[in-house]
Every structure is written in C-alpha cells, then in structure tokens.
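The structure under discussion appears below in the form of structure tokens.
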Amino acid sequence: MRIIDLRGYDLLHHGSLLLGRMEMNGIHIDVERGKRELAAMQEEMDECINIIMKHPDVKEWQHKRRKHFNPNSSDQVGDLFFRFLDFEMTKQTETGKPSADADSLLQTHHPIAKLILKLRQLKQAQDDIKDILSQTVGGYVHPSFHLHNVSTFRSSSSNPNMQNIPVRDSEMARVRHIIIPRPGNQLLEFDFKGIEVAVAACYTGDQNLIRYVTDPKTDMHRDVASQIFMIPPDDVPKPLRSMVKGGFTFAQFYGSWWKPCAEYMWKDIHENGYSISGIPLLSHLKQNGIGDFESFAEHVRSVEADFWGNRFCEYARWKERIYAEYVKNGYIDTFTGFRLQGYMRKNAVTNYPIQGSAFHILLWTLIHLQKAFDELKMKSKIIAEIHDSGLIDVFPGELERVVYIIQKLGTEYVRKVWKWIIVPLRIEFEVTEPNRPWSEKKPHR
DNA sequence: TGTTCATGG
DNA sequence: TATCCATGAACA
C-alpha cells in the first residue's frame, strides 16, 4: 500500500496534523458518573452471577465436570449448553467447537442463557468505562487516532478506541453517559448518510445505483425486499426492509452470495415473524409456492442473478474490470491518490477503494472544518471521528455556524475539489443540550 | 499466543 | 461462489 501522488500525500499530511490536534484537544469525561456507573453495573452483574450459579443445571455441570463454572468462558458455556445439556448445535466455531455467541445461546431458550448474555454486556460496558477512566487525566481523555494501520487507508483509534463505543444496545450505551462536552458546551455529531453506497456509485458508474442515491423518492432496500418477499414496494414493513438491507443487499455488495444470504434471511423470518398487511410472512410465501428452505434458497438465487445481471449490471462489470486490473498490474489506484497493492482477495479488491475513499470525504471535510475554526477564531473543537462521522465540542453560540460550515464543506465544496464525486452527499446532525452526555444526542432540525 | 466474542463503521 | 475494515478483553 502506498501513496501515489500529491492528493494522497496531502490527505495524509494534513490528516495527520488534524488527528494530532484532535488528540490534543481530548474529550471531557464525567468521572464521577463513571464511578457511579461502574458500581451500579457491578451490583447488576453480581445479581446475574448469583442466579446463574444457583441454577440446578449449572450445579450438576460443576459436579459432573469437577470444575467451578465460569460464565465468562465461552468454552465452558458452549460445553454446558451443547454437550452437557444437549441443545441442538446450530453453529460451530472455526475450530469445530460449539459456538457460544449470542445467537446460539438465545436459540436454546434456556432461562440462564439470557442472564449469561446480560452478564457479557454488563462486563463489556464496565470494561469500556474502566478503560476510559484509567486513561483520563484532569477530566480529559486523549484517544489516539491513526492513519497508518488500515489497509484501505481508513483511520483507526485506540487507547481508548473511540470508534467502537456501543450505541445500539440500551444497557451498553450507558458508556456514552460519561462522555460530556466541555463546561457550557454542546456535543454535535454529524454523519454522512450512506456514504459507502454513494462512493460505490462513483467508482462503478452504475446508472441504477446512481439513481438510487440521487433521487430521494427511490429506495433500494425497499425495492430489493419487495422482490425477495414478493410484496408490493409500499407494503414492505420497515423491520423487514432493514433486515434485507443487512442480510442481502449489503452482504451482496461486500461479496456474499445467495446461499448464506438465504440461510440468514430464512432463519430471521422464522424468529421475527413479520406480517404483510395482516398476513404472516410465512403464509404469504407459502401462497407463492415457497414452503421450505430449498424453494426459498432457489428463489433468492434467482433474485441474486437479477441483482447482478440486471439491477446493478454495471456494478457487476466494474467488479470484474477492477479485479482483472489488479491481477494484471498487481495494484489498483483510488480516486483519492493511493495505490493499493500486495495480496488481496477478490472481495477485498472490490471493496477497499470504496471504503477508503468514503472515509477520505470525511477526512477532507474535517481538515477544512479545522481550518475554518482557526481562520474564524472559533472556539469549538473537533474531538473524535468515526469513519463517516465527526464529533464536535461546540462552544456556546457557535452551533448554527458550525452546522452551516460542515454542510457547505461536506456536501458542496468537496464536490468542487473532487470531481469524481458524481452523486449528491447528505449529512445529518445530532446534538445534545449544554452539559449533557453523548447518550442524549437528538436530531438537529 | 491463538481463538472467541463483543463493539463500531 | 469466503460478508469489507478495525480494537479490546478473557480464556486456555
């Protein structure tokens, strides 16, 4: 992997300076609240452990195995459920042992499965908070951000990693309670919507993909869901759309194929029982001749053939073209000035330039945002960056101005500089009240 | 140290 | 016909 020209050099040079500046700024931490959360989590964990250890199945396991049960050991948990209690093993680890991940455990419907998972969540949240507190000095933590670790020329973060702090799970999102703005300030988060898909449209020039990311009246995930489940586009329920988004469309973009996609979706629709205008999805499928996994998989196979053969045929051709280029030359070049070389699998070749360049749009925006802050003598500070989003500690009275500048830079100016961005970009903003934690961010406008 | 599981994009 | 890229912790 190397830089091929001044565009790439410039990004790394100014990008490094920016990330260094961010690192020096640091993030304000509510240390007292952190300590309270740790204590509260410990109590909840003790409660879980108590119930787990009292369960007759665990006691019997300890007796027969002549060992103290450790609920943090996935080896032991897997052994308990899938060997000792003989639940059906639906998933193996790479080395052939029964998997003890969240999915596998939930499928047992055993009363302590949920407790073990809750314990895992609490433990990780507690570890995250401990990790942050241990590296906080004078109320501020200074995470590292790097540009030299990732094969795609994305960034990474460590000590502590600010790029994988939980946000979806309500228990774990408690970690965000301790991340607060400077006194009197607000936290502003902005993120590029669907930027990887937008960048994929730029690289591939696929007319249908370009239309989907350009025309807000269209909806790719809804249309694909409509095709897979044979229902009118307007009848696609939101949760089903979102399942298809991750389980089929993105999986396909990343290089998956019909069989694993079909397995994932088939399992999901059995667990989550969607209904289409009052009719259970499974009955609806049966009415359309799909009554078992084999017929569903066969159908998904045909949807996949249409996906790459018709819907996104230019994307498919680009994938072949770029891979052939890599095989011939031993490298591929990105729009942002980098040469990707060395051993890459086919799926990597078709994904790296997209992933890297999507991040570079954010990086460019942040570099110029910092420049604006300096030139206008503004007091807001950039404090973190998460691949397609930025986190700003906003000084009182500067909020609207900061939002305006980000909007201008990230959706207009970047397109004047990088003509390869041939589709519109969209940014959404979320903000907290003054002095309130990151967990309380609300949509802005 | 390799494996597994967790989180984020 | 391998779902892309990371970091961190615990266990064995």
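- Here A/N351 lies in heavy-atom contact (under 4.0 Å) with sugar-phosphate atoms only.
- Contact annotation for A/D128: no contact, since no heavy-atom pair falls under 4.0 Å across all strands.
- Within the 4.0 angstrom heavy-atom criterion, only backbone atoms of the sugar-phosphate kind lie near A/K123; the bases stay farther away.
- The base of B/dG8 has none of its N or O atoms less than 3.5 Å from a complementary donor or acceptor on the side chain of A/R168.
- In the region residues 69-100 of chain A, proximity to DNA chain B at under 4.0 angstrom, judged on heavy atoms, holds for A/S74, A/T93, A/E94, A/T95, A/S99, A/A100.
- A donor-acceptor contact under 3.5 Å is formed by the side chain of A/W258 with the base of C/dT1.
- Using a 4.0 Å heavy-atom distance criterion, A/S155 is classed as making no nucleic acid contact.
- Residue A/A102 is classed as a sugar-phosphate contact, given heavy-atom separations below 4.0 Å to backbone atoms only.
- The base of C/dT3 does not come close enough to the side chain of A/N347 for any donor and acceptor atom to sit less than 3.5 Å apart.
- Distances from the side chain of A/Q121 to the nucleotides C/dT1, B/dT7, C/dC4 place B/dT7 closest.
- Contacts between residues 242-256 of chain A and DNA chain C, defined by a heavy-atom separation below 4.0 Å, involve A/A251, A/Y254, A/G255, A/S256, listed by number.
- Note on A/R120: only backbone sugar-phosphate atoms sit closer than 4.0 angstrom, heavy atoms only; bases stay farther off.
- Side-chain rings of A/Y264 and A/F248 stay apart, their centers remaining 6.0 Å or farther from each other.
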Requested in this report: Test A/W418 against A/F335 for ring-ring contact (aromatic ring centres under 6.0 Å, His included), laying out the working first.
Outcome: CA-CA 9 Å; A/W418 281 337; A/F335 286 147; 9.8 Å; no
